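Just so we're on the same page: letters track the sequence lines, and every chain starts at 1. Every value quoted in this text rests on a predicted model; they were computed, and no experiment measured them. In what follows, every heavy atom counts, from backbone to side chain, and hydrogens, waters and symmetry copies are set aside.
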Amino acid sequence: MFLTEQQTIEAKIKSFCDANNIPLAALEWKPIPFSGEWGISTSFFATAAAEARAGKKVVVPQRAQEIAEQVKGQMDTPGISRVEAVKGYLNLYFSTNEYAHRVVDTVLDQNTSFGSGPRTGSRVMLEFSHPNTHKAFHVGHLRGTILGESLCRILEFSGLDVVRANYPGDMGLHVIKWLWGYLKFHNGEQPPADITKWMGEVYAEATRRLEENPDLEAEVRLVYARWDQRDPEVVALWERTREWSLEGFRQMYAALDIHFDKYYFNSQEEKPGKEIVEELVRRGIATDERPEGGAVVVKIDEALGLTKEQFRTSVILRSDGTALYATEDLALVKHKFADYPDLAKSLYLVDVRQSLHFTQVFKILEIAGYEQAQQCGHISYELVTLPGNVVMSSREGTVVLLEDLLREATSRAKEESRKKNPALTEEQLDSVAKAIGLGALKYPILARENTRLVTFDWQSALDFNGQAAPYIQYAHVRCNSILRKAEDMPDVGQPALSSSKGSTFNYELNPAEIQLIDMISRFPGEVQRAAAEYKPLTIATIAYEIAKAFASFYDACPVVQASPQVREARLRLVAATKQTLANALRLLSIEAPEVM
RNA sequence: GCCCCUGUAGCUCAGCGGAUAGAGUAAUGGACUUCGAAUCCAGUGGCCGUGAGUUCGAAUCUCACCAGGGGCGCCA
């Protein structure tokens, strides 16, 4: 925002150093880490250190300070209110009013696109969620799903074109088990309204029955054999029940406000996968150990001539010739690039336990000369466990069902809303409860480092206080309240907020006001960082910081009751805050309600 | 045995080479006749797992070790 000034100053520093024979090192600009007055700073430690290395007898911090002081004398730049040299740093403070109006005007001009980057024309695919059909959808699956949606929004906003891909596991041993259980215990039944939950129950029952009576395994194997031979009855049943699951997923994604552009299914990758395996064997990259009773494997370390084990050996086809996930993933990589030849990156958001699997799949294709494998990447995230370090498993029934959690969160939110704001109609309450409940659920997931294990407990999941979505939403609501109130005043109204008008902060700004403007100004940078590092956490944090700064501002600075001149500037600031919060929440896939 | 992740305030977590390491939470004390108190303000709370190294400067980078978790030929 002050790039021109920064460049001018940098040029001045350079010419000063040249004139005085000081070998200036590259300058890095950072915001001054103190609130209340805004500015940028740079340091001379690197330069002083270089002098020391060159043989000059100097104490580095002292020398840095010396240079800073000398340079300070040279500074006289419009837009910069004052300059100071402290502890080796050169601090340049912006003229506060100038700074304030630039930030606020920028936000109001750009409104819904404030914070977004220029379109790069580059396209990436992100695969996420990949639920298993014929199984329950639980809180363990929620993390990747929530994270994926947010990441897509962030990548898109940062300037990329994004393809959102889903890859449901629609065939495998778990599906066969389910079909067997259905035929045996629920034949002919139709699913109730809550499809996914019911599908999960049928699966859990099948697993339980099999554990109680292992002799039944033979029946399951029979179903598998019938599937392999494409027995029309089994295929038809599979198709019908698979559709039930997919319908359940669609409902759930709609409830969570999650979207996909493209679905891939592992059942479709089976054949092409086997063809790739054959090719790899033919070319001597894979070893067919089936004659000796083994499987088809790729000894990756050996192929690369590595002596230390690193990529290890990957099994790409079972000894009985049936496909594994690895078989299908080989095909999927190619399938994606065939569909979208211009993909700059093909990303897989999958939990950390599959790290080795993906490095192996990509490496094998690379060895086979498939160059686009190098554009593939695995973004890993840690699991959600239950207290006591229990991993959620639909087989063992140690799960917290998403349906239950959603219901609980929204009903808690509704109760709270009714208490806090009795004026709301029942209809409003429902929509507010959905926004608050879902937000409260999503935020803690997004506000945590991807690589960090999350322990699920009801209490913190349903906690609406502190650093949480409702706090941010509340700030948005309060912005809205102020703007609404101002609109009703005859001498204010909307004209004050028109983007052509321009903000005039020609009074002494309150520190809270400056802090708020500062936070808003950081948003675009945080978007770029979040996209580059695949970290929604960054957005979750800045959204909270803005809300927090607004809460202090709200307390310290009257808006509608201020003098007309101050009121107008602050109204524009409030509108800018509301817009920035809304943009940030949108990236997190969290609603920004007008009332709550 | 090899590889990956995590260790920061009582608890949950930010901070990713720079100035005095920050939030939330819990506990304490204040602030509603004023734009919505789901809020704000104040003090309290720290050998940044341990030990070396790199650097003018390390919670941050490198190595070793300790502790916890995960992954390593036919699960997904």
Chemist: Output every pair passing salt bridge (charged side-chain N to carboxylate O under 4.0 Å, His left out) with a member in residues 538-562 of chain A, not counting sequence neighbours, ordered by first then second residue.
Modeler: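 As it turns out, there is no salt bridge (charged side-chain N to carboxylate O under 4.0 Å, His left out) pair with a partner in residues 538-562 of chain A once direct neighbours are skipped.
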Chemist: Using atom P in both nucleotides, what's the gap between B/rC16 and B/rU28 to the nearest angstrom?
Modeler: 34 Å
Chemist: Does B/rC35 have OP1 or OP2 under 4.0 Å away from a side-chain N or O of A/R484?
Modeler: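 Checking B/rC35 against A/R484, no side-chain N or O comes under 4.0 Å of OP1 or OP2.
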Chemist: Do other residues, nucleotides or ligands put more than 12 heavy atoms under 6.0 Å from A/E28 CD?
Modeler: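 No, because the 6.0 Å sphere around CD of A/E28 holds 12 heavy atoms or fewer from other groups.
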Chemist: I'd like to know if the side chain of A/D301 pairs up with that of A/Q310 as donor and acceptor (distance under 3.5 Å, no hydrogens or angles considered).
Modeler: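 The criterion, which ignores hydrogens and geometry beyond distance, is not satisfied for A/Q310 and A/D301.
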Chemist: The side chain of A/Y474 is closest to which nucleotide in this list: B/rA38, B/rU55, B/rC35?
Modeler: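 Among B/rA38, B/rU55, B/rC35, the one nearest the side chain of A/Y474 is B/rA38.
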Chemist: Strictly by modelled atom types, are A/D170 and A/T133 linked by a side-chain donor-acceptor pair under 3.5 Å?
Modeler: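 No - no donor-acceptor pair under 3.5 Å links their side chains.
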Chemist: Please report, rounded to the nearest Å, how far the P atom of B/rG36 is from the CD atom of A/E594.
Modeler: 14 Å
Chemist: I'd like to know if A/K72 and A/E84 make a salt bridge, using a cut-off of under 4.0 Å between side-chain N and carboxylate O.
Modeler: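 Result for this pair is no, no salt bridge flagged.
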Chemist: Is any side-chain nitrogen or oxygen of A/Y544 closer than 4.0 Å to OP1 or OP2 of B/rA14?
Modeler: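 So the side-chain polar atoms of A/Y544 never come under 4.0 Å of the phosphate oxygens OP1 or OP2 of B/rA14.
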Chemist: Across the strands shown, which category fits A/K419 at heavy-atom distances under 4.0 angstrom: base, sugar-phosphate, nothing?
Modeler: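 No contact.
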Chemist: NA contact type, A/V477, heavy-atom cut-off 4.0 Å: base, sugar-phosphate, or nothing?
Modeler: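 Base contact - A/V477 has a heavy atom under 4.0 Å of at least one base atom.
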Chemist: Could you tell me whether the phosphate oxygens of B/rC35, OP1 or OP2, come under 4.0 Å of any side-chain nitrogen or oxygen in A/S481?
Modeler: no
Chemist: When the ring planes of A/H174 and A/H134 are compared, do they come out parallel, tilted or perpendicular, using 30° and 60° as the limits?
Modeler: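 Answer is perpendicular, since the angle exceeds 60°.
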Chemist: For atom C1', what is the distance between B/rC48 and B/rU6, given to the nearest Å?
Modeler: 14 Å
Chemist: Between B/rG17 and B/rU12, how far apart are the two C1' atoms, rounded to whole Å?
Modeler: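 Pairwise C1' distance, B/rG17 against B/rU12, rounds to 27 Å.
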Chemist: Does A/K87 put a side-chain nitrogen or oxygen below 4.0 Å from OP1 or OP2 of B/rG57?
Modeler: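 A/K87 to B/rG57 OP1/OP2: no side-chain N or O under 4.0 Å.
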Chemist: Hey, is the side chain of A/R478 poking within less than 4.0 Å of OP1 or OP2 on B/rA37, counting only N and O atoms?
Modeler: yes
Chemist: For the side chain of A/S417 and the base of B/rA38, is some donor closer than 3.5 Å to an acceptor across the two?
Modeler: yes
Chemist: From the set B/rA38, B/rC56, B/rA14, return the single nucleotide nearest to any side-chain atom of A/E449.
Modeler: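 So the nucleotide nearest the side chain must be B/rA14.
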Chemist: Work out how far the C1' atom of B/rU60 is from that of B/rG7, and round it to whole angstrom.
Modeler: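 One C1' to the other, the span is 14 Å.
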Chemist: Pick base, sugar-phosphate or nothing for A/N91, based on heavy-atom distances below 4.0 Å to the nucleic acid.
Modeler: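 Base, at least one base heavy atom under 4.0 Å.
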Chemist: Across nucleotides 71-76 of chain B, 5' to 3', mark each nucleotide with B, S or - according to how protein heavy atoms within less than 4.0 Å reach it.
Modeler: BBBBSB
Chemist: Hey, would you say the A/Y474 and A/Y554 ring centroids sit under 6.0 Å apart?
Modeler: no
Chemist: Assign each of A/L537 and A/V432 to its nearest nucleotide of RNA chain B by heavy atoms, then name whichever residue's nucleotide is nearer the 5' end.
Modeler: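 The residue whose closest nucleotide sits nearer the 5' end is A/L537.
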Chemist: Can you tell me how far C1' of B/rA37 sits from CE of A/M596, to the nearest Å?
Modeler: 13 Å
Chemist: Figure out the CD/C1' separation between A/E526 and B/rC16, and round it to whole Å.
Modeler: 13 Å
Chemist: May I ask you to evaluate whether A/K420 reaches the phosphate of B/rU39, defined as a side-chain N or O under 4.0 Å from OP1 or OP2?
Modeler: no
Chemist: Between A/N450 and A/K535, is there a side-chain donor-acceptor contact under 3.5 Å, judged purely by atom types and distance?
Modeler: no
Chemist: Hey, could you give me the CD/CG distance between A/E568 and A/L573, rounded to the nearest 0.5 Å?
Modeler: 13.0 Å
Chemist: Using atom P of each nucleotide, how far apart are B/rC74 and B/rC13 to the nearest Å?
Modeler: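 Approximately 34 Å lies between the P atom of B/rC74 and that of B/rC13.
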Chemist: Identify the stems formed by RNA chain B, where each pair is Watson-Crick or G-U wobble with both distances under 3.5 angstrom and a stem is at least 3 consecutive pairs.
Modeler: B:1-7 with B:66-72, B:10-13 with B:22-25, B:28-31 with B:39-42, B:49-53 with B:61-65
Chemist: Please state how far atom CD in A/E513 lies from atom P in B/rC35, giving the value in whole angstrom units.
Modeler: 18 Å
Chemist: In whole angstrom, give me the gap between the P atoms of B/rU62 and B/rC5.
Modeler: 10 Å
Chemist: Between A/S355 and B/rC5, does any side-chain N or O lie under 4.0 Å from OP1 or OP2?
Modeler: no
Chemist: Find the distance A/R448:CZ to B/rC5:C1' and express it as a whole number of Å.
Modeler: 16 Å
Chemist: Parallel, tilted or perpendicular: which one describes the rings of A/Y325 and A/Y167, with boundaries at 30° and 60°?
Modeler: perpendicular
Chemist: Whole angstrom is fine here: how far is it from OH in A/Y471 over to C1' in B/rG36?
Modeler: 14 Å
Chemist: What's the base orientation of B/rC13: syn (chi within 90° of 0) or anti?
Modeler: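 Here B/rC13 takes the anti form, which means its glycosidic angle is more than 90° from 0.
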Chemist: If you compare every side-chain N and O of A/S552 against the phosphate oxygens of B/rC40 (OP1, OP2), does one of them come in below 4.0 Å?
Modeler: no
Chemist: I want to verify a distance call: between B/rU39, B/rC3, B/rA38, whose nearest atom is closest to the A/P470 side chain?
Modeler: B/rA38
Chemist: Below 30° counts as parallel, above 60° as perpendicular, anything between as tilted: where do the rings of A/F265 and A/Y263 land?
Modeler: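 Rings of A/F265 and A/Y263: parallel, as their planes differ by under 30°.
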Chemist: Could you tell me if A/Q62 and A/E66 have a donor-acceptor pair between their side chains, going purely by distance under 3.5 Å?
Modeler: no
Chemist: Take the angle between the ring planes of A/Y544 and A/Y471 and call it parallel below 30°, perpendicular above 60°, tilted in between.
Modeler: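 Aromatic pair A/Y544/A/Y471 classed tilted.
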Chemist: Mind checking the C1' distance from B/rC61 to B/rC56? Whole angstroms is fine.
Modeler: 16 Å
Chemist: Quantified in whole Å, what is the C1' atom distance between nucleotide B/rG10 and nucleotide B/rG71?
Modeler: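 It comes out at 34 Å once rounded to the nearest Å.
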Chemist: Starting at CD of A/Q473 and ending at C1' of B/rU39, how long is that distance when rounded to a whole Å?
Modeler: 15 Å
Chemist: For the side chain of A/V595, starting at C-beta, report the closest nucleotide among B/rU34, B/rC13, B/rG36.
Modeler: B/rG36
Chemist: Return yes if the base of B/rA19 and the side-chain atoms of A/S43 contain a donor-acceptor N/O pair under 3.5 Å, otherwise no.
Modeler: no
Chemist: State the syn/anti category of B/rG73 according to its glycosidic angle, syn meaning within 90° of 0.
Modeler: syn
Chemist: Within this structure, what is the OH-to-C1' distance between A/Y554 and B/rC32, rounded to whole angstrom?
Modeler: 11 Å
Chemist: Which is more 5' along RNA chain B, the nucleotide nearest A/V454 or the one nearest A/A547? Just name the residue.
Modeler: A/V454
